[in-house]
Amino acid sequence: MGKLLRINLSTRRYSTEQIDPHDFRDFLGGRGLGALWYWQEIGPNIRPLDAENKLGFFTGPMTGTPLVSTTKIQLATKGPETGHYLCSNSGGNFGPRLREAGFDALVLEGASDRWIAVAIENETVQFIDDDRWQGLSPMQAREKMLGQLPGNKWATMSIGPAAENGIAFSSIFVDDGRAFGRGGGGAVLASKKVKALAVRGDQKVPVADAAKCKEIAANARMGLKTSRAQHRLLGTSQLVEIINELGCMPTRNFQTSWAPPEKVQGVYAQTLHEHYYVRNYACYRCSVACGQMAEVKDGEFAGTKARPEYESIGLLGPSCGINSMDAVIAANEMCDNLGMDTITAGNMVALVMELFERGLVSAEDNDGLEVRFGDGKALLQMLQFIAERRGFGALIAEGARGVIKARPEWEPYILHVKGLTFPAYDPRGFHGMGLAYATSARGACHNVGGYTVSDELLKAKYDRYAVEGKGELVKTLQDNRAYIDSLGLCTVVRGAYQFTPSPASETLLAITGYDFAPYLMTIGERVSNLERLILVREGVDRSDDNLPPRMKEAIPDGPAAGHLISDEMLDVMLDEYYALRGWDDRGKPRPETLERLGLTEVPTQG
Ligand code: SF4
């Protein structure tokens, strides 16, 4: 579409800007363009909830095209959870509809002085004032917004009470089932007093060769029917059993990484499928439809509904000592209604449980509430306490960084890198994931950091406990992921278009008319390096590419018993990784690396 829509929430003025065509060539779109924009507009001294912070939403060249799963939109902002650069993506319809309105990107800047919603229809922007937005769940806010808009085909973003209360890990929800989950984007949107956004348009997203796109889409749909059949049937929850059996499942706040089957099978995919499954849920134009809508049918949590993904199950389940799908679904629904990231919420409640177990806190510190491992009811109450900043929730709401600042003696029990808490994989059981968490551009992340699960665990192409060779694996996965995130495509379907480290030409040729394939990995590398430049500008260096103390203790039991990642082991992986990246030994890109990637002349206002 070639255009960016900039909305100033302080002045309620908006404008359209042309995006430099060279930027598409060098950064594609999505995460790449988002990083470039961030580098240019968000300086190192701006704090996440300052009015000077901005939110940039960037689609990619595939977003909204007639191919399969072209759903993704990327957020770039300064995030409250790490205090640094945050990139986050979401499926749903917002990206495709934004393009139909005529834009590749949306920037929100300034801050409103009262609660508003923003509706974008083609090139017109409407501001809707209503103080009664406050306190609504993301779904309620979406429904209220849709009730005030004419016609249909609107896509929405909305936030919940957790964001309004500035919770460091509040999310931005998209439509009725996807989210910019990690890093606290919800709190940034709330700091601008924007409760919801809606967008629609009547433009067609152009492609260079419509007939070829149709053919590629049909082939992709056909291939995914077989290659992703299991994903459709069980969703990501199928990993719970596998990861537990491999000894990498966070259990009781990562005190161990495995539980005997009888203590965890209550949250296995089969249990979900047989007793809770309602229907599949799909993002825009996705034939995989991997979302699994589930409902608790009876008992104390009857009627609660959610789409529990592997990460949510792992962290609200075994990491909280919970072996009940009822409690996991209820907790997941509560996170959705409050508008919180299930991953960090699960980590933070597990932390509280461990603090109780160790006698470091008591019910008196927490408004009378005891929170113990395995107690589903207390899990739900604690989530509510966090969103309301009640009792101990007032401190927990600040996320890992906030807790460590206030109580540095609790750092040994907090699983994070750069402030972002751990996903549901214990890297002591596969060391490449440790390097991925340590070097990911947004803190501990299995996606941006590099999804080593396939190569180290599922296909076992690498010795999972080796440290040699992991630098190369992680670098390759990171650069591959960086270009996929820049395309506007869901990574689950990447294989259908051969978006691997050796990509095929035909898809992007049909969409853009340009053969990007020979350059895609270099574009990914360029994005990874620009993100590192941003972090270096924000004060990050090797000492931040670290793992928390618990990773340096041996796993006590299970299939990975005895394994750990010592400082020396991490150093070996970092040295290899930095050398391959062309960074110096403090983790700063060398001038010749920037020269090779064309990053020496990237303008900055920061
Ligand atoms: S595979 Fe799943 S996450 Fe990806 S686009 Fe389809 S439904 Fe959405």
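For ligands, and for the atoms within them, numbers begin at 1 and follow the listed sequence.
Of all protein heavy atoms, the one lying nearest to atom 4 (Fe) of ligand 1 is Cys490 SG, 2.3 Å. Of the protein's heavy atoms, Cys290 SG, 2.3 Å lies nearest to atom 2 (Fe) of ligand 1.
Evaluated by nearest non-hydrogen atom to atom 6 (Fe) of ligand 1, the leading choice among Ala289, Cys286, Gly291 is Cys286.
Salt-bridge annotation for Lys475 and Glu472: absent, with no side-chain N of the basic residue lying under 4.0 Å from a carboxylate O of the acidic one. A salt bridge is absent between Lys3 and Asp104: the closest approach of a Lys/Arg side-chain nitrogen to an acidic carboxylate oxygen does not fall below 4.0 angstrom. Lys297 has no carboxylate O lying under 4.0 Å from a charged side-chain N of Glu274, or vice versa, which leaves the two without a salt bridge.
Distances from ligand 1 to the non-hydrogen atoms of Lys72 include no value under 4.0 Å.
Atom 4 (Fe) of ligand 1 has no N, O or S atom of Cys283 inside 2.8 Å of it.
The distance between the ring centers of Tyr425 and Tyr310 falls below 6.0 angstrom.
Close contacts of ligand 1 with Val492, meaning ligand atoms under 4.0 Å from a residue heavy atom, involve 1 (S). Here is the list of ligand 1 atoms found below 4.0 Å of a heavy atom in Thr71: 5 (S). In summary, the atoms of ligand 1 found under 4.0 Å from a heavy atom of Arg178, numbered by their order in the structure, are 2 (Fe), 3 (S), 7 (S), 8 (Fe).
Between Arg494 and Ser69, the side chains place no donor N or O within less than 3.5 Å of an acceptor N or O (distance only, hydrogens not considered).
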Next on the checklist: Go through it in stages, so that I can follow the logic: the residues are Ile7 and Ile120, the test is side-chain contact (heavy atoms from CB on, under 4.5 Å), and I'd like the CA-CA distance, side-chain angles, deciding distance and then a yes or no.
Outcome noted: CA-CA 10 Å; Ile7 300 176; Ile120 303 159; 4.2 Å; yes
